[in-house]
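Positions are given from 1 along the sequence.
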Amino acid sequence: FPSHDRGTRKFIEVIEKLDSIHEKLDIAIIGDGPERNWLTTQFNKLSPRLKFNFMGYLGSSELQHVWDNVDVLLSLAPFESYGLTIREALICGTPVLALPSSGVQDLNEAIINKWVQLISDPISELELIQQVQSIKNIRIPNEYRQSLALECGRGNLELVSRWIEIVEISESPKEGN
């Protein structure tokens, strides 16, 4: 996660704004990357009320236990091609605050503004407060979670099939060689 292309600077900006309205924030950082030291330095400059937990890379079974304790996923990567983490959060029943990206835009429109709130850029503190208040206690119905899991499974199979086709085409002998 901690990498400029994953939205770490925007993440700090959002956390600063959320800190101004919440008495206590527990923040879990899942993953690792080249900006971890920078991110740690930035966290140390923020309010001592904030609790940060760098969890590093987690496998699927470990991640499931984490999702059970997450109130809201912040997805601030400016480029999110498929939005797998967003989909995982929704399947686990966790609502999402996200910057608009292709991964978010690919979600069904009914999901956006119901279980996924889009954060404006530049970030408005008042709008962010309203979004957090409206989404933090939402739980996503099991029937939707199951249908999204099935959709993601089909989508993943299609994606893998396309990748295999591309690899096979790129590895096939060219005419005239």
Side-chain angles (χ1 to χ4, degrees), residues 1-33 35-36 38-55 63 66-145 147-149 151-152 155:
F1 170 100
S3 167
H4 181 62
D5 64 332
R6 303 303 299 155
T8 52
R9 284 161 178 71
K10 193 61 69 179
F11 181 75
I12 292 295
E13 181 183 344
V14 168
I15 296 303
E16 287 174 331
K17 291 180 188 308
L18 290 176
D19 181 42
S20 70
I21 60 167
H22 284 280
E23 292 179 14
K24 181 183 173 204
L25 287 176
D26 292 336
I27 300 160
I29 309 294
I30 301 168
D32 210 339
E35 290 198 9
R36 181 179 181 150
W38 176 86
L39 197 53
T40 301
T41 301
Q42 299 309 307
F43 287 155
N44 290 334
K45 293 177 185 177
L46 297 173
S47 168
R49 297 180 308 188
L50 298 172
K51 180 182 169 194
F52 296 96
N53 183 8
F54 279 96
M55 302 182 82
L63 199 50
V66 173
W67 283 126
D68 292 341
N69 296 303
V70 174
D71 292 325
V72 176
L73 169 70
L74 286 177
S75 178
L76 303 173
F79 307 104
E80 189 72 55
S81 59
Y82 178 68
L84 182 59
T85 304
I86 294 167
R87 285 168 168 78
E88 287 174 346
L90 293 170
I91 289 168
C92 291
T94 303
V96 178
L97 286 174
L99 286 176
S101 66
S102 58
V104 173
Q105 301 300 333
D106 286 346
L107 292 169
N108 181 320
E109 271 189 47
I111 298 167
I112 298 175
N113 296 322
K114 190 169 189 177
W115 300 309
V116 176
Q117 293 281 319
L118 297 180
I119 298 173
S120 61
D121 194 10
I123 297 169
S124 157
E125 189 167 327
L126 179 60
E127 184 180 342
L128 184 63
I129 291 168
Q130 292 169 341
Q131 289 173 306
V132 169
Q133 296 302 328
S134 72
I135 202 170
K136 73 177 182 175
N137 294 318
I138 290 176
R139 285 297 148 217
I140 301 168
N142 284 337
E143 56 274 6
Y144 170 74
R145 294 165 59 184
S147 70
L148 183 60
E151 177 187 319
C152 287

- Query: What is the distance from atom CG of Leu90 to atom CD1 of Ile140, rounded to the nearest 0.5 Å?
  - Reply: 4.5 Å
- Message: If I take atom OG1 from residue Thr94 and atom CD1 from residue Ile138, how far apart are they, to the nearest 0.5 angstrom?
- Response: 11.5 Å
- Over all heavy atoms of both residues, which pair between Ile12 and Gln42 is shortest? Give the atoms and the distance, please. CD1-CB, 3.6 Å
- Which one of Leu73, Leu63, Ile30, Val96 satisfies the side chain to side chain contact (heavy atoms under 4.5 Å, CB included) criterion with Thr85? Leu73
- Query: How many angstroms lie between OG in Ser124 and CD in Gln131, if you round to the nearest 0.5 Å?
  - Reply: 8.5 Å
- Task: Working to the nearest 0.5 Å, report the span between CZ of Phe11 and OG1 of Thr8.
- Result: 9.5 Å
- Query: Nearest 0.5 Å, what's the CG-CG distance between Asn44 and Leu39?
  - Reply: 10.0 Å
- Note on the structure: Tightest non-hydrogen contact, residues Gln117 and Lys114, listed as NE2-N, 4.5 Å
- Please round to the nearest 0.5 Å and tell me the distance separating atom CZ of Phe43 and atom CZ of Arg36. 10.0 Å
- What heavy-atom pair brings Gly93 and Arg145 nearest, and what distance separates the two atoms? N-NE, 3.4 Å
- Item | Pairwise side-chain contact, Ile135 with Val72, heavy-atom cut-off 4.5 Å (strictly under) | yes
- So do Ile27 and Leu74 actually touch side chain to side chain, heavy atoms under 4.5 Å? no
- So do the side chains of Val14 and Lys17 get within less than 4.5 Å of each other, counting heavy atoms only? no
